[in-house]
Number of protein chains: 2
Amino acid sequence: MPGPGLPPADELTELTLSLFRVNNLMLAWGDRMVAPLGLTSARWQALGAIVAAERPQPVAWLARDLGANRQNVQRIVNDLEGEGLVSFAPNPHHKRAQLVMLTPKGREAYDAAIARYRPRAEALAAGFSADELATARQVLQALRLRLEADAD
Amino acid sequence: MPGPGLPPADELTELTLSLFRVNNLMLAWGDRMVAPLGLTSARWQALGAIVAAERPQPVAWLARDLGANRQNVQRIVNDLEGEGLVSFAPNPHHKRAQLVMLTPKGREAYDAAIARYRPRAEALAAGFSADELATARQVLQALRLRLEADAD
DNA sequence: TCCATATTGACATGATCATGTCAAATAAGC
DNA sequence: GCTTATTTGACATGATCATGTCAATATGGA
């Protein structure tokens, strides 16, 4: 029996401090993992947002999905376009807001990143019970909703 | 009964994506909270590291405690020193590595930040059970240990 | 003591991010 | 239709971060 533990507010403080550290460590972990593919964590995330969308979307929509700045996503997508990983298609509904699409080369890079990621993610998740991971995810998702509402 | 849920690796993926979002939201939340005090999340964290250390430490030690870059912490601490929130004291063991100490003004700023933080943290933690928060914290701390070991 | 190594703060540089502005294009209200 | 507000990409600027280098200092081993 671990005892009563900390008060909720202190527990949240410790959670937050760990969150900051894990965030940085995870980004560095991802960077090392996809560096051989010419990717970074940020580029990988952008590719993921493009894949996750059923239909090609303009950059501003991808930025919203990512919770990131429009301008930064624009820069990343432009870089990816310069390297042939994504291409721009005309948008019938908007002359300036082109649609971002994966090229075959971009699809290959994304699939290669996933292939490198999966076994490492399984190793990293090993040792945790399904309940523990699910609870941690649910807490973070609930925090996200509250913070987003608070930031209105 | 929520059912079997996702495979552990996918659960970790969702956890990670939520983590990135919450990290950014929490930093913005903290920035808004301590802005009236002339602080930022980064400055507040630096002050916290100074307070958390029992003895005054050089900047490089604080950076290690924070898991941050030596150079960035140095810049932040220099800024804090310029505004009179911290002061440098001679280090008997090292002529160049001065010891960072809170000034009374810095202590006031830190206490004021905590005073603003506590009720908001309690409100943010409300609705979670102690077990949920503790589990989330433990998962993140375990992830941190694994990622730090992996980054060696 | 002497020398190799590690630590520390200062400095420089490029990358990334946050923010604001602008013009073009679209959407909504009257 | 016409006017106004919103969206979108391009651009600029400053802040922050990541990284490397350097000289001064401290530490440990021979």
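Labels below follow one simple rule: chain letters A, B, ... track the order of the sequence lines, proteins then strands, and each chain is numbered from 1. Quick note: numbers below take in every heavy atom, side chains included, and nothing from hydrogens, waters or symmetry partners.
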- Give a yes/no on whether any side-chain N or O of B/N72 is located under 4.0 angstrom from OP1 or OP2 of D/dT16. no

- Query: Rounded to the nearest Å, what distance is computed from the CG atom of residue A/L27 to the P atom of nucleotide C/dT16?
  - Reply: 13 Å

- Task: Answer yes or no: does a side-chain N or O of A/Q71 lie under 4.0 Å from OP1 or OP2 of C/dT19?
- Result: no

- Closest to the B/R96 side chain, choosing from C/dA25, D/dG9, C/dT8: C/dT8

- Message: Would you say A/N69 places a side-chain N or O within less than 4.0 Å of OP1 or OP2 belonging to C/dA18?
- Response: yes

- Is B/R146 positioned over the aromatic face of A/F128, cation under 6.0 angstrom from the ring centre and no more than 45 degrees off axis? yes

- Gap between atoms CZ and P, on B/R70 and C/dA6 respectively (whole Å): 14 Å

- Item | d(CG, A/D79; P, C/dC17) in whole Å | 11 Å

- Item | Residue A/K95, side-chain heavy atoms: nucleotide from C/dT26, C/dG9, D/dT8 that is nearest | C/dT26

- side chain to side chain contact (heavy atoms under 4.5 Å, CB included) against A/R96, all qualifying residues, sequence neighbours excluded: A/H94

- Message: Looking at A/R64, I'd like to know whether one of its side-chain N or O atoms comes within less than 4.0 Å of OP1 or OP2 on D/dT8.
- Response: yes

- Task: Name the closest nucleotide to the B/H94 side chain, picking from D/dT25, D/dT7, D/dA10.
- Result: D/dT25

- Message: For a side-chain hydrogen bond (donor to acceptor under 3.5 Å, both in side chains) check, start with the C-alpha distance between B/D31 and B/S41, then their side-chain angles and the critical distance, and finish with the verdict.
- Response: CA-CA 5 Å; B/D31 282 338; B/S41 289; 3.1 Å; yes

- Counting only side-chain N and O atoms of A/R75, is one of them less than 4.0 Å from OP1 or OP2 of D/dA12? no

- Spacing of A/L99 atom CG relative to D/dT8 atom P, expressed in whole Å: 11 Å

- Item | For atom CD of A/Q74 and atom P of D/dA12, their distance in whole Å | 15 Å

- Query: Salt bridge between A/R120 and B/D150, side-chain N to carboxylate O under 4.0 Å?
  - Reply: no

- Item | Given DNA chain C, 5'-ward residue of the pair A/A42 and A/N91, judged by closest heavy atom | A/A42

- Task: For residues B/L47 and B/V86, determine if any side-chain heavy atom of one lies less than 4.5 Å from a side-chain heavy atom of the other.
- Result: yes

- Between C/dA10 atom C1' and B/F88 atom CZ, what is the distance in whole Å? 12 Å

- Query: What nucleotide among D/dT8, D/dC17, C/dT8 has an atom nearest to a side-chain atom of B/I76?
  - Reply: D/dC17

- Side-chain atoms of A/P58 come closest, of D/dA26, C/dG9, D/dG9, to D/dG9

- Taking for A/P92 and for B/W61 the nucleotide of DNA chain C with the nearest heavy atom, the one nearer the 5' end belongs to B/W61

- Whole angstrom is fine here: how far is it from CG in B/N23 over to P in C/dC17? 12 Å

- Message: Using every non-hydrogen atom in the two residues, find where A/D65 and B/R21 come nearest and quote the distance to one decimal.
- Response: O-NH1, 2.8 Å

- Task: Using atom CG of B/N78 as one end and atom P of C/dG9 as the other, report the distance to the nearest whole Å.
- Result: 10 Å

- Query: Which residue lies toward the 5' end of DNA chain D, A/V59 or A/N24, if each is placed at its nearest nucleotide?
  - Reply: A/V59

